[in-house]
Amino acid sequence: MKWLVLVLTAALFLPGAYAGESTKQIIQNHLSEQRLDDAEDTVEDWVKNEPENAEAWHIRGIVMAQQAQDSFFSALSYAGKSVDSFEKAVELEPGSLEYRTALLQFYMMAPSIAGGDDEKALAQIEAIKEIDTVEGAFARVKYLQHHEKEEQARTLVNEILAEHPNNADVLVYLGFQEQKDGNYEKAFSLFEQAAEGESRKGEAPVMALYQFGKTSVLAEEQLDKGIEALQQYLDAELPDSAPKAHWANFRLAQLLALKGNDEESQQLIASLKKVDDKELQKQLSSWN
């Protein structure tokens, strides 16, 4: 049931999934502390008391997905409850991109025995497209990538950009691709445009700042601009899905070292050694 990690991760980072109200906060705490049965009991009471609350059903889908991931004998049962919950959320709020995206992820990632369904995934893509053309196109891009049709996905993204040249989400996506391929000059340009671009959720321009700084590290170029971008990133309100501040500080330390500011770089590194992030500590050890 490892595919459920993808569904759960996508759903957890949806805006507003946990807005701080008591019931949602309790569920969030239970999940973060791996008290899954307590999370299940709480969310079951919630949907029982508020059967018309789409968000309650959406979060029930998240909880059941986590239960399925951690279960063996009951995994399929929990997977069924998860997809039923995501479907109920969409039924109650058919105009919600967030709920439809979570349902799409389930249909796309899950094996058919657990509720995955390619035709239903495609139907959700069309429904998303009716709500928002760009989001619908991106949903199709992810579908193509899932089916390892990278060239078709790249072609579609370029078509979206031609129609929406100031869309930060598209620009960041293309920037990622160029960064991954080592085309750093193109990546710089795309991230720079994205930082000034438009985004439905408002997250992509912030993400572009971090990625510009990371590209500066990889390319060992545009160091001053990279430092400025990371400083702006650290001053911004970071989306839940964005790299944590300690990662930006790590990139900043790397850029400072590349500029020869060793003392300032080492001060940052020393503060990062206390951070509870295994991947960060691994990279700190290999870099430093």
Side-chain angles (χ1 to χ4, degrees), residues 1-94 96-111 113-116 124 201-203 206-207 237-247 274-282:
M1 288 296 167
K2 291 182 179 179
W3 56 270
L4 281 173
V5 175
L6 299 172
V7 176
L8 183 63
T9 301
L12 275 172
F13 287 117
L14 294 175
Y18 298 116
E21 292 92 330
S22 58
T23 301
K24 289 181 282 188
Q25 190 63 54
I26 289 168
I27 294 170
Q28 182 185 30
N29 292 340
H30 287 330
L31 288 177
S32 66
E33 295 171 10
Q34 288 297 299
R35 297 199 307 270
L36 302 184
D37 290 342
D38 290 337
E40 180 181 348
D41 291 343
T42 304
V43 80
E44 290 287 39
D45 286 342
W46 191 10
V47 295
K48 181 179 179 180
N49 293 329
E50 300 182 42
E52 301 302 308
N53 187 323
E55 189 173 28
W57 285 101
H58 171 72
I59 294 175
R60 182 178 186 264
I62 295 171
V63 173
M64 296 306 173
Q66 182 69 75
Q67 284 280 42
Q69 178 193 326
D70 284 26
S71 178
F72 181 77
F73 294 108
S74 303
L76 290 179
S77 174
Y78 276 123
K81 291 177 182 179
S82 181
V83 70
D84 288 348
S85 300
F86 287 135
E87 287 173 343
K88 183 66 174 179
V90 168
E91 177 188 327
L92 290 169
E93 285 192 25
S96 169
L97 285 169
E98 288 75 22
Y99 300 162
R100 285 196 180 275
T101 298
L103 181 56
L104 167 63
Q105 289 288 328
F106 190 102
Y107 287 148
M108 194 164 61
M109 300 294 183
I113 193 174
Q124 285 305 312
K201 298 176 184 176
E203 298 178 1
V206 178
M207 294 286 283
E237 183 177 346
L238 303 184
D240 288 338
S241 56
K244 301 300 183 186
H246 54 258
W247 279 102
K274 304 172 185 177
V275 176
D276 184 15
D277 185 321
K278 291 181 180 178
E279 181 58 30
L280 175 69
Q281 297 308 322
K282 179 181 176 182

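With values rounded to the nearest 0.5 angstrom, F106 atom CZ is found 15.5 Å from T101 atom OG1. Remark: M64 CE to S82 OG distance equals 8.5 Å, nearest 0.5 Å. In this structure, the separation between CD on Q66 and CG on L36 is 5.0 Å, given to the nearest 0.5 Å. Within the model, atoms CD1 of I26 and CG of D45 stand 10.5 Å from one another, a figure rounded to the nearest 0.5 Å. Taking CD of Q67 as the start and CG of D37 as the end, the distance is 5.0 Å to the nearest 0.5 Å. Put simply, CG on D277 and NZ on K244 are 10.0 Å apart, with the number rounded to the nearest 0.5 Å.
Taking the side chain as every heavy atom from C-beta outward, Q281 and D276 never approach each other to under 4.5 Å. At least one side-chain heavy atom of T42 sits under 4.5 Å from a side-chain heavy atom of H30. With contacts defined as side-chain heavy-atom distances shorter than 4.5 Å, the pair I62/V43 does not qualify. The shortest side-chain heavy-atom distance between N53 and V47 does not fall under the 4.5 Å cut-off. Within the 4.5 Å cutoff, no side-chain heavy atoms of Y78 are placed close to those of D70.
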**Derivation of the side chain to side chain donor-acceptor pair (under 3.5 Å) call for Y99 and E87** = CA-CA 8 Å; Y99 300 162; E87 287 173 343; over 6 Å; no
**Request:** May I have the step-by-step check of salt bridge (Lys or Arg N to Asp or Glu O under 4.0 Å) for R60 and E40, ending in yes or no?
**Result:** CA-CA 8 Å; R60 182 178 186 264; E40 180 181 348; over 6 Å; no
**Request:** Could you go through the side-chain contact (heavy atoms from CB on, under 4.5 Å) check for H58 and S85 one step at a time?
**Result:** CA-CA 6 Å; H58 171 72; S85 300; over 6 Å; no
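The closest donor-acceptor contact from the side chain of S96 to the backbone of E93 lies at 3.5 Å or more, if one exists at all.
Minimum heavy-atom separation, A39 to L31: CB-CD2, 4.0 Å. When all heavy atoms of S241 and M207 are compared, the pair lying nearest together is O-CE, 4.4 Å. Minimum interatomic distance between L76 and I113 (heavy atoms only, all atoms of both residues): CD2-O, 3.9 Å. For the pair A79 and A114, the tightest heavy-atom approach, listed with the atom from each and the gap, is CB-O, 3.8 Å.
Counted within 6.0 Å of CD on Q34, heavy atoms from surrounding residues, nucleotides or ligands total more than 12; the atom is thus considered enclosed.
For R100, there are no salt bridge (Lys or Arg N to Asp or Glu O under 4.0 Å) partners, not counting sequence neighbours. The salt bridge (Lys or Arg N to Asp or Glu O under 4.0 Å) check on D38 picks up R35, with sequence neighbours excluded. Checked against side chain to side chain contact (heavy atoms under 4.5 Å, CB included), K88 has the following partners two or more places apart in sequence or in another chain: W57, E91, L92.
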